[in-house]
Amino acid sequence: MLLVGLTGNIASGKSTVAQMLSERGATIIDADVLARRAVEVGTHAYEQIVARWGFSVLAPDGRLDRSALRRVVFSDHEQLEELNQIVHPEVERLRARLLERARQRGDRIVICDIPLLFERHMTDRFDHIVLVDANRALRHERLVKDRGLDPTEAMDMIAAQMPAELKRARADFVIDNEGTLTQLERQVGDVWNTLMSEAASSAGAVAVP
């Protein structure tokens with residue numbers, strides 16, 4: 001099984017790339033999905049978050065208000081790290097379970113979509129790293145126009161992550177998402193073909209007595 005880490009700073013278009021790779025046959029394990037599952041009502045992480053930040057980060061129905069929590073922690077590095085320390089272990093447990101299921105099924109290419117892959121020092125876990133990138137100004141524009149965020153909040157979210165320039169130097173593949181959807185599809189196709197070739201070669205090598 002070829003294990004690939006997919007990452008990219010906020011509003012880079014990483015989720016779109018993940019969808020394109022899924023359509024081509026990759027198994028996708030999305031850290032954002034796991035993070036939402038990790039803080040569902042009644043989980044240990046949920047209880048820790050409420051104990052730390054209080055009821056102001058809860059929605060009227062009792063579920064975690066992720067937007068309210070984000071406004072609190074993204075402007076304070078220490079609080080953001082504190083939140084990550086609460087959520088990250090549960091996300092890791094859920095990811096390990098899904099990876100084991102993928103191995104049992106015999107999936108050929110598994111892609112872990114992890115926004116903080118570099119920040120959490122996880123690069124050594126993967127056979128390859130794919131980085132999706134777009135310039136800072138474009139990402140800020142996407143956050144404000146497409147997601148309706150306040151410009152200051154958007155800037156805080158961008159500043160909270162490691163600069164993309166540092167990540168580009170350490171990625172095996174860089175997909176630049178600053179053009180059209182067709183251009184993005186072409187880049188994703190090139191990366192997918194390379195991964196498929198490697199997966200096929202690895203499978204062939206294993207099959208040889």
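Start at 1 with the first residue, then count along the sequence.
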Would you name the heavy atoms of [X] and [Y] that are closest together and state the gap between them?
{"X": "Leu195", "Y": "Phe173", "result": "CD2-CE1, 4.1 Å"}
{"X": "Leu80", "Y": "Ala160", "result": "CD2-CB, 3.8 Å"}
{"X": "Leu98", "Y": "Leu34", "result": "CD1-CD2, 3.8 Å"}
{"X": "Ala31", "Y": "Arg95", "result": "CB-NH2, 3.6 Å"}
{"X": "Gln161", "Y": "Ile10", "result": "OE1-N, 2.8 Å"}
{"X": "Ile86", "Y": "Pro89", "result": "O-CD, 3.6 Å"}

Inset, instruction - Please step through side-chain contact (heavy atoms from CB on, under 4.5 Å) for the pair Leu116 and Asn84, ending with a clear verdict. - result: CA-CA 10 Å; Leu116 299 178; Asn84 286 333; 3.9 Å; yes
Inset, instruction - For the pair Asn177 and Thr16, evaluate side-chain contact (heavy atoms from CB on, under 4.5 Å) and give the outcome as yes or no after the intermediate values. - result: CA-CA 10 Å; Asn177 183 24; Thr16 301; 5.6 Å; no
List for me each residue that meets salt bridge (Lys or Arg N to Asp or Glu O under 4.0 Å) alongside [X], sequence neighbours excluded, and say none if there are none.
{"X": "Arg120", "result": "Glu81"}
{"X": "Arg142", "result": "none"}
{"X": "Asp61", "result": "Arg63"}
{"X": "Arg52", "result": "Glu82"}

Spell out, yes or no, whether [X] and [Y] are grouped together once hydrophobic residues are joined by side-chain heavy atoms under 4.5 Å, including indirect joins.
{"X": "Val91", "Y": "Val110", "value": "yes"}
{"X": "Ile114", "Y": "Val130", "value": "no"}
{"X": "Leu64", "Y": "Leu94", "value": "yes"}
{"X": "Leu117", "Y": "Met162", "value": "yes"}
{"X": "Ile49", "Y": "Leu58", "value": "yes"}

Reported [atom1]-to-[atom2] distance for the pair [X] and [Y], which is rounded to 0.5 angstrom:
{"X": "Ile129", "Y": "Phe126", "atom1": "CD1", "atom2": "CZ", "result": "6.0 Å"}
{"X": "Met157", "Y": "Arg147", "atom1": "CE", "atom2": "CZ", "result": "6.5 Å"}
{"X": "Ser15", "Y": "Met20", "atom1": "OG", "atom2": "CE", "result": "11.5 Å"}
{"X": "Asp150", "Y": "Met155", "atom1": "CG", "atom2": "CE", "result": "11.0 Å"}
{"X": "Phe74", "Y": "Leu149", "atom1": "CZ", "atom2": "CG", "result": "10.0 Å"}
{"X": "Glu23", "Y": "Ile28", "atom1": "CD", "atom2": "CD1", "result": "10.0 Å"}

Contacts of [X] that satisfy side chain to side chain donor-acceptor pair (under 3.5 Å) - sequence neighbours left out:
{"X": "Gln104", "value": "Glu100"}
{"X": "Arg24", "value": "Glu185"}
{"X": "His128", "value": "Glu198"}

Inset, instruction - For side-chain contact (heavy atoms from CB on, under 4.5 Å), just list the numbers for Val132 and Leu6, CA-CA rounded to whole Å, side-chain angles, deciding distance to a tenth of an Å, and then say yes or no. - result: CA-CA 8 Å; Val132 185; Leu6 173 66; 3.8 Å; yes
Legend entry - Check against side-chain contact (heavy atoms from CB on, under 4.5 Å), Cys112 and Leu99: CA-CA 9 Å; Cys112 293; Leu99 282 172; 4.1 Å; yes
Inset, instruction - Name all pairs fulfilling the salt bridge (Lys or Arg N to Asp or Glu O under 4.0 Å) condition that reach into residues 154-176, sequence neighbours left out, sorted by first residue then second. - result: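 Non-adjacent pairs meeting salt bridge (Lys or Arg N to Asp or Glu O under 4.0 Å): Glu119-Lys167, Asp133-Arg168, Arg168-Asp176.
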Does the side chain of [X] reach to within under 4.5 Å of the side chain of [Y], using non-hydrogen atoms?
{"X": "Leu131", "Y": "Ile175", "answer": "no"}
{"X": "Met122", "Y": "Thr7", "answer": "no"}
{"X": "Arg136", "Y": "His140", "answer": "no"}

Legend entry - Residues in side chain to side chain contact (heavy atoms under 4.5 Å, CB included) contact with Met196, at least two apart in sequence or another chain: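 Checked Met196 against side chain to side chain contact (heavy atoms under 4.5 Å, CB included); matches are Arg108, Ile109, Trp192.
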Legend entry - With Thr182 via side chain to side chain contact (heavy atoms under 4.5 Å, CB included) - residues at least two apart: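 Thr182: side chain to side chain contact (heavy atoms under 4.5 Å, CB included) contacts with Thr180, Arg186.
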Inset, instruction - Would you mind listing the cluster partners of Val144? Hydrophobic ones only (ILVMFWY), side-chain contacts under 4.5 Å, chaining allowed. - result: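 Via sub-4.5 Å side-chain contacts, Val144 links to none.
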Legend entry - Lys/Arg N to Asp/Glu carboxylate O, Glu92 vs Arg125, below 4.0 Å: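 Salt bridge present between Glu92 and Arg125.
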Legend entry - side-chain hydrogen bond (donor to acceptor under 3.5 Å, both in side chains) contacts touching residues 30-43 (sequence neighbours left out):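 Passing the test, one end in residues 30-43: no pairs.
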Check: [Y] main-chain N/O paired with [X] side-chain donor or acceptor under 3.5 Å:
{"X": "Glu178", "Y": "Asn135", "value": "yes"}
{"X": "Ser22", "Y": "Ala18", "value": "no"}
{"X": "Arg139", "Y": "Ala134", "value": "yes"}

